[in-house]
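See structure below.
First the proteins, then the strands, lettered A, B, ... as listed; each starts at 1.
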Amino acid sequence: MDSELIPRGVKRCPLGQFSLWIGIVGVVLLWGVYAMFLCWFKGLNQTNMNDSYGFALWIWADLAVIALGGGAFFTGFLRYIVGKDELKNIINYAVLIGFICYSSALLILAIDVGQPLRAWHIFWHANVHSMLTEVAFCLSCYFGVLTIEYIPLVLENRQIDKVPFFHNLGHNMHEIMAVFAATGAFLSFFHQGSLGGVAGVLFGRPFGYREGVLVWPWTFFLFTWSAAACGPCFTILITKITEVITGKKLVKDNVIDLLAKISGWMLATYIIAKIIDTWYWAVVTAPSMGFTLMEFYSNNPFYGIWILFLEIVLGGIVPAGILITQKGRSSSFALWTAVILAVIGVSVNRWVMVLQVMAVPVLPFETWPMYLPSWQEVATTILPVAYGIILIMLSHRYLPIFPQEQELNP
Amino acid sequence: MFPFSFEWVWDAGHMVFHGGLWYALGIIGLGMTYCIGKAVLDTLEGKGGHHD
Amino acid sequence: MKEEHKHKKTRRYGMVIDLDKCTGCGACMVACMAENNVPFREDETDKLLSLTWLRIYRLTNGKPFPETDICYLPRPCMHCEGHHGHSPCVSVCPATVTDYDWETGIVSQIYTRCFGCRYCMAACPYHARYFNWWDPVWPEGMKQYLNPNVSVRMRGVVEKCSFCFPRYQVASEKAHAEGRRELEEEEYQTACTQACPAGAITFGDLNNPKHAVYKLKKSPNAFRLLEKLGTNPKVYYISSREWVRRAGDNYLEHEFKEQKV
Ligand code: SF4
Ligand code: SF4
């Protein structure tokens, strides 16, 4: 029925089956939308946040999706600026995933602030010294860039492309895409970093605080770096999952291998820097504020030293080790393991840099507050996942996302 | 965001921050203007009218 | 923040709280809530959701009877000066809601501008900032008793102790009308200071030798909370008990002795 919309030369499942799945995911989406409206109309008392946890699940989700969405800018950077031409076969998907991640981040932020209708104050009354201001500006601008990168793909739909204006527009946008990609990379370097700076500048919070250069704490650079390292891993992971679900090979191995290799080296260098940073913080920064490392990881039911191990060893050293070796990348099992671990690693990093920063008691006579998100928080965090799945399903069905699909599935 | 909001000061922080911001916004804006403008001209010239 | 150098003779309003005198009666907390129209709910069991601009902590030395000892510690906003007005919360607020005032040393908060991102709460190590999780609901008739000089706040914004700044405004206006530039010490006092039956709280200009706080803060038993972090708070505490002074900051083992004798 919708065959006229489906790109030429590729096979798609019947419309009925497709609609059924959209419907199932749609139910989850609606659940999230319901929770979202609850938060908007009744206020943030719908959450389990409190005065000790001003930042909680949502801010983590924001930081995590933005790190994972980093695949878009870094792949774009590699393809258009460094000139890794093979990556043109995965860049569309990276852009789509990035678009989903960033739109989700903006949506979550819109739910997270106490007075969403005043959110424009962050732009209008901008305090240029705040990391969050920088995040807000760069995030919005970069979301614009991602939209610009995504539009030509939409315009490539078989029916839309027939309209001469859209055809020409898409063509022109493709032509100067390098300019947009460069701007996107510039913006990303800053807002990824500023997100790291959010916790890094908190000199009242010894767990998050880091020294740095000029106005940028070390976490600024570490966040950009880890997003560039783990974002592509997420792109690979989602590509692999899409291949499993559609039962088709969509991207050639050499493309994945190249991206995985670059990712691996980024991750390896990142994790070395992260270890140095952690070590310096543990032996110099924290003691200067009166804390020993283990005080951050004991006397509470959740934040044990295991979390540091999970982040650095399992989520950093192990995937980096796998991805930098040819053998690791060529084994399907090892590759899957590595990208999953890298995604977990960066998510755990964002988790501790938000939640644990809040949890560690700073006044000596305080104790660890603990926090469990409410269902409204969980639902609104799952909402973007459902939305992402639907957008991927639609895009995959109607747009030529994977240039190699036809060749790989004759 | 603009020099007329009262907390604005002409210091290095504001110049660097807003310099970078408006630079990026400028590129994005000019880029899109170029794409759309050229698409209009191309269309008027009759380009891109292939049908299948 | 830019006005720093224009005011050579700046006032730095601050507090000195004598913990040996504080009995933990909570009169200051009540006075604060009444003065500042701080909302409350029927059920205030979860203290992490309560708005307490001034909060009293109960400290213990952790020793068994008979050496056991407790101390009550009232904690307002510290009006941190940081380095050159770089207080933890002021520097982070993305919407320039909160500012370090160089004329008074008071850290302000514009409720109608705050959009509730709560970054400042994350930045404040003293938990002095509170979020309005609910819209205020005043019990029947209580609206009549609200302080007309202090604006009430809506849900979704952050609020905190202002050192009763509206009182400062009233006092300044009066002084101005009388052609005076300087405020007398007793002309501007916070509600908690006046409410404390034990006289534990002293408030005034830390820079003014004529004010009591000027001398009190120099007591060998004076300390501030979390000084090591560089927040540079303007609330001082006094205690003759060593364990209390030690509880004011985080120390590595054996560190405390070297610092304070
Ligand atoms: S005590 Fe907290 S709210 Fe008050 S000035 Fe210091 S950091 Fe800001
Ligand atoms: S919650 Fe309000 S005062 Fe606090 S940082 Fe956000 S906008 Fe500023």
Parallel, tilted or perpendicular: ring planes of A/Trp216 versus A/Phe220, cut at 30 and 60 degrees: tilted

Aromatic ring pairing A/Phe296/A/Trp281, orientation class (parallel under 30°, perpendicular over 60°, tilted between): parallel

Between [X] and chain A, with a heavy-atom cut-off of 4.5 Å, which part of the residue counts as in contact: side chain, backbone, both or neither?
X: C/Tyr57; value: side chain
X: C/Leu225; value: side chain
X: C/Ser50; value: backbone
X: C/Leu51; value: neither
X: C/Leu252; value: both

Enclosure of A/Tyr34 OH (heavy-atom neighbours >12, cutoff 6.0 Å): no

More than 12 heavy atoms of other groups within 6.0 Å of A/Lys42 NZ: no

Donor-acceptor pair between C/Glu159 and C/Trp53 side chains, under 3.5 angstrom: yes

Mind ranking [options] by heavy-atom pairs under 4.5 Å with chain C and telling me who comes out on top?
options: A/Ser130, A/Pro116, A/Ala199; value: A/Ser130
options: A/Gly54, A/Gly43, A/Pro364; value: A/Pro364
options: A/Met358, A/Glu366, A/Met131; value: A/Glu366
options: A/Thr292, A/Asn50, A/Leu44; value: A/Asn50
options: A/His125, A/Gln115, A/His121, A/Met49; value: A/His125
options: A/Leu117, A/Leu132, A/Val128; value: A/Leu132

Residues of residues 105-117 of chain C near chain A, each having a heavy atom less than 4.5 Å away: C/Tyr111, C/Thr112, C/Arg113, C/Cys114, C/Phe115, C/Gly116, C/Cys117

Check: C/Phe163 ring centroid to C/Tyr13 ring centroid under 6.0 Å: no

Ring center gap for A/Trp120 and A/Phe123 short of 6.0 angstrom: no

Grab the two heavy atoms, one from [X] and one from [Y], that are nearest each other, plus how far apart they are.
X: C/Trp133; Y: C/Leu48; value: NE1-O, 4.4 Å
X: C/Cys93; Y: C/Thr98; value: CB-CG2, 3.6 Å
X: A/Met289; Y: A/Phe203; value: CE-O, 3.3 Å
X: A/Asn127; Y: C/Ser91; value: ND2-O, 3.4 Å

Checking heavy atoms, do the side chain of [X], its backbone, both or neither come under 4.5 Å from chain C?
X: A/Val198; result: both
X: A/Ser288; result: backbone
X: A/Gln46; result: neither
X: A/Pro206; result: side chain

Electrostatic pair C/Asp20-C/Arg241, nearest N-O below 4.0 angstrom: yes

Residues C/Tyr130, C/Val158; criterion side chain to side chain contact (heavy atoms under 4.5 Å, CB included); working and verdict: CA-CA 5 Å; C/Tyr130 292 92; C/Val158 165; over 6 Å; no

Part of residues 101-113 of chain A lying next to chain C, heavy-atom separation under 4.5 Å: A/Asp112, A/Val113

Test log, rule ring-ring contact (aromatic ring centres under 6.0 Å, His included), inputs C/Phe40 and C/Trp134: CA-CA 9 Å; C/Phe40 50 87; C/Trp134 286 268; over 10 Å; no

Student check: side-chain heavy atoms of C/Val152 and C/Trp138 closer than 4.5 Å: yes

Contact leader toward chain A among C/Pro88, C/Ala122, C/Gly248, where contacts are heavy-atom pairs under 4.5 Å: C/Ala122

Among C/His79, C/Glu227, C/Arg224, side-chain hydrogen bond (donor to acceptor under 3.5 Å, both in side chains) partner for C/Asn232: C/Arg224

A/Thr285 backbone acceptor or donor facing A/Glu211 side chain under 3.5 Å: no

